[in-house]
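A, B, ... follow the sequence lines: proteins, then strands. Residue 1 opens every chain. Side chains are part of it too, since the values below use all heavy atoms of this structure and drop only hydrogens, waters and symmetry mates.
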2 protein chains.
Amino acid sequence: MIAATGSHDLRQSAADPVVHDRIEALLRVRRRRYTPRCREVIDVLASSGRPLTADEVAQAEDSLSISTVYRTTGVLADLGVLRSVAGVDGVSRFELSEALSSHHHHHLLCRQCGLVLDYELPAALEKALHAAALRITRRAGFTGPAERFDIEGLCPTCTELVANP
Amino acid sequence: MIAATGSHDLRQSAADPVVHDRIEALLRVRRRRYTPRCREVIDVLASSGRPLTADEVAQAEDSLSISTVYRTTGVLADLGVLRSVAGVDGVSRFELSEALSSHHHHHLLCRQCGLVLDYELPAALEKALHAAALRITRRAGFTGPAERFDIEGLCPTCTELVANP
DNA sequence: GGTAATCCAAGAACGACTCTCATTCTAGGC
DNA sequence: GCCTAGAATGAGAGTCGTTCTTGGATTACC
C-alpha cells in the first residue's frame, strides 16, 4: 500500500487521541510537559501520509518556529515517539514511530526531489528479511538491529520533468 | 560476507589497473583528465573495505585538499563511477560503484558513530527483493528503481561503549 | 498567588558541503 | 623544448540544515 502517491499534499485528519495519551504518558515519565507546540508537531506528522522535513512541519503550523520543531523532534525521537528518516537529499525527515502509527513500513525515495513515501512489504518477505538481518548483524557483532528496505527512484513528478523539461 | 569488521582501518591494496583504465575512458568521453588527485581518490576508496566520508578520503592522502575531494567525488558520482551513501549521521560517504567494484552489496550502519560497513545477501533473497521492488515502484509510478536493504544498529565499538561508558 | 521548573522564539554558532577565484598544471600544437 | 588554452587545484568565503544559547513567557504545583 502506498501513501500520498503523486501529489505531495498532506492528509487532513489529526492524530488519534490514544496516540496523544501514550505520548503524554511517555513525556510524563521524563518530567516533560505535553505542550501545545509538541502536540502540534505530532498532529502535523500524524496527519501527513509521509515523513516530513523540519521545514515542512514548521510551514504547516504558523505557530511553530523552526527551532521549536528541531528541539521538539529531537526530544520525541529520543523518546522513541518519532523516527528520523535520512533522505537522499541530505535533509532528515520525521515520522511517527511504527509503535504509534501501528503499521510496519519501508520507504520509497525520489533521488531528484527527495520526496519520501511509505509502502508495505508482503508479510512472508518481511519475515525472510528480518531473519537475514538478524544473521548478518550477529555475524558483524552489531546489536539492536532494525532493517530498512528502501527503494530509490524517480517519483512520477520528476519522471515527467525529465521526459519533458 | 562482512568487510572491515571491528576496527575501522583501511585495507592496504590500491585499485585494480583495469578499474583505472575504465574510469580514464569514461572521463575522456567527458573531456576530463584522469589526474593524479582523481586517481588518489579512487585508490583510497578502492583500498578501503567500506564507504568513506570526504574528510576520511582527504585524511588518507596528504596531497588531497577537502575541496578537491568534494569536487572530484561529485564529478565521479555524476559519471556513475562512485556512489554516494547517505549515513545515519547526516554525513555522506562514497564508495566505488558496483559496476566497478564487481560485487553487489548492502550496508550495515551504526546509529551511534555513523560507521558504514558492506555485506552481501544470499542470492535467492536478493532476487525476491528485486522482484518486490519492481512491483512496488511500478505501482507508485516511480521509475529507475534501485533497492537498498540497509541494516541499522550499534557497531561492536559503540555497543562496548554503551555497556561500559 | 508565589515560585520553581519548563517551554519558547530569536538569533548566534556549528558543520557539511558548495562556490569563487587566483594560481598551477598539462595536453597538444608549434 | 617552448607556448598557450583550458582544465585542475587549494584556500577561503558563502550557503544551508541543524543545534545551542539566552532571556523572557508560561505552566504545574504548592
Side-chain angles (χ1 to χ4, degrees), chain A residues 23-42 44 51-79 81-94 111 113-116, chain B residues 23-44 51-79 81-94 111-116:
Chain A
I23 296 172
E24 188 162 14
L26 279 168
L27 284 164
R28 194 181 299 275
V29 172
R30 294 275 195 106
R31 307 261 161 95
R32 301 202 61 132
R33 299 182 205 138
Y34 195 26
T35 63
R37 305 286 157 264
C38 194
R39 182 178 281 266
E40 278 164 18
V41 168
I42 296 293
V44 169
L52 300 181
T53 64
D55 206 54
E56 285 172 324
V57 174
Q59 300 273 320
E61 278 286 345
D62 283 348
S63 53
L64 286 171
S65 80
I66 189 71
S67 35
T68 298
V69 173
Y70 277 116
R71 185 167 10 85
T72 308
T73 50
V75 170
L76 293 173
D78 270 356
L79 281 176
V81 169
L82 297 185
R83 180 161 70 135
S84 167
V85 179
V88 284
D89 54 359
V91 182
S92 47
R93 289 166 169 79
F94 301 92
R111 63 175 134 248
C113 68
L115 175 72
V116 180
Chain B
I23 296 172
E24 188 162 15
L26 279 168
L27 284 166
R28 195 179 299 275
V29 171
R30 294 274 197 108
R31 304 261 163 94
R32 299 201 61 127
R33 301 182 201 138
Y34 195 26
T35 64
R37 304 288 157 264
C38 193
R39 181 178 281 265
E40 278 162 18
V41 169
I42 296 294
D43 274 337
V44 168
L52 299 181
T53 64
D55 205 55
E56 285 173 325
V57 174
Q59 298 274 318
E61 278 286 344
D62 283 349
S63 52
L64 285 171
S65 80
I66 190 71
S67 31
T68 298
V69 173
Y70 276 116
R71 186 157 6 86
T72 308
T73 50
V75 170
L76 293 174
D78 270 355
L79 281 175
V81 170
L82 298 184
R83 179 161 70 136
S84 168
V85 179
V88 283
D89 54 358
V91 183
S92 47
R93 289 167 169 77
F94 300 93
R111 62 173 137 250
Q112 190 77 37
C113 67
L115 174 73
V116 180

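- Residues A:S92 and A:S84 share a closest heavy-atom pair of CB-OG, 3.8 Å.
- Annotation for A:D62: atom CG does not count as buried by contact number, only 12 or fewer foreign heavy atoms lying within 6.0 Å.
- Nearest to the side chain of B:R33, among C:dA10, C:dT26, C:dC7, sits C:dT26.
- With a cutoff of under 4.0 Å to any heavy atom of chain B, the contacted region of DNA chain D is bounded 5' to 3' by D:dG6 to D:dG12.
- One finds the CG atom of A:L76 at 6.5 Å from the CD1 atom of A:I23 (value rounded to the nearest 0.5 Å).
- Atom-to-atom distance recorded for B:I66:CD1 and B:T53:OG1 is 7.5 Å, nearest 0.5 angstrom.
- Nearest heavy atoms, A:P51 versus A:R93: CB-CB, 3.8 Å.
- Rounding to the nearest 0.5 Å places CZ of B:R32 at 12.5 Å from CG of B:L26.
- Minimum heavy-atom separation, B:R37 to B:L64: O-CD2, 3.7 Å.
- Heavy-atom minimum distance, B:G114 versus B:V88: CA-CG2, 4.3 Å.
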Review item, nucleotides 16-19 of chain C N/O atoms under 3.5 Å of protein N/O:
from: C:dC17; atom 1: OP1; to: B:S92; atom 2: N; distance (Å): 2.9
from: C:dC17; atom 1: OP1; to: B:S92; atom 2: OG; distance (Å): 2.7
from: C:dC17; atom 1: OP2; to: B:Y70; atom 2: OH; distance (Å): 2.5
from: C:dC17; atom 1: O5'; to: B:Y70; atom 2: OH; distance (Å): 3.4

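- The distance between atom CZ of A:R37 and atom C1' of C:dA10, rounded to the nearest whole Å, is 14 Å.
- Looking at heavy-atom distances under 4.0 Å, A:S63 makes contact with sugar-phosphate atoms alone, never a base.
- Closest-nucleotide positions on DNA chain D for A:R28 and B:T35 were compared, and the one nearer the 5' end corresponds to B:T35.
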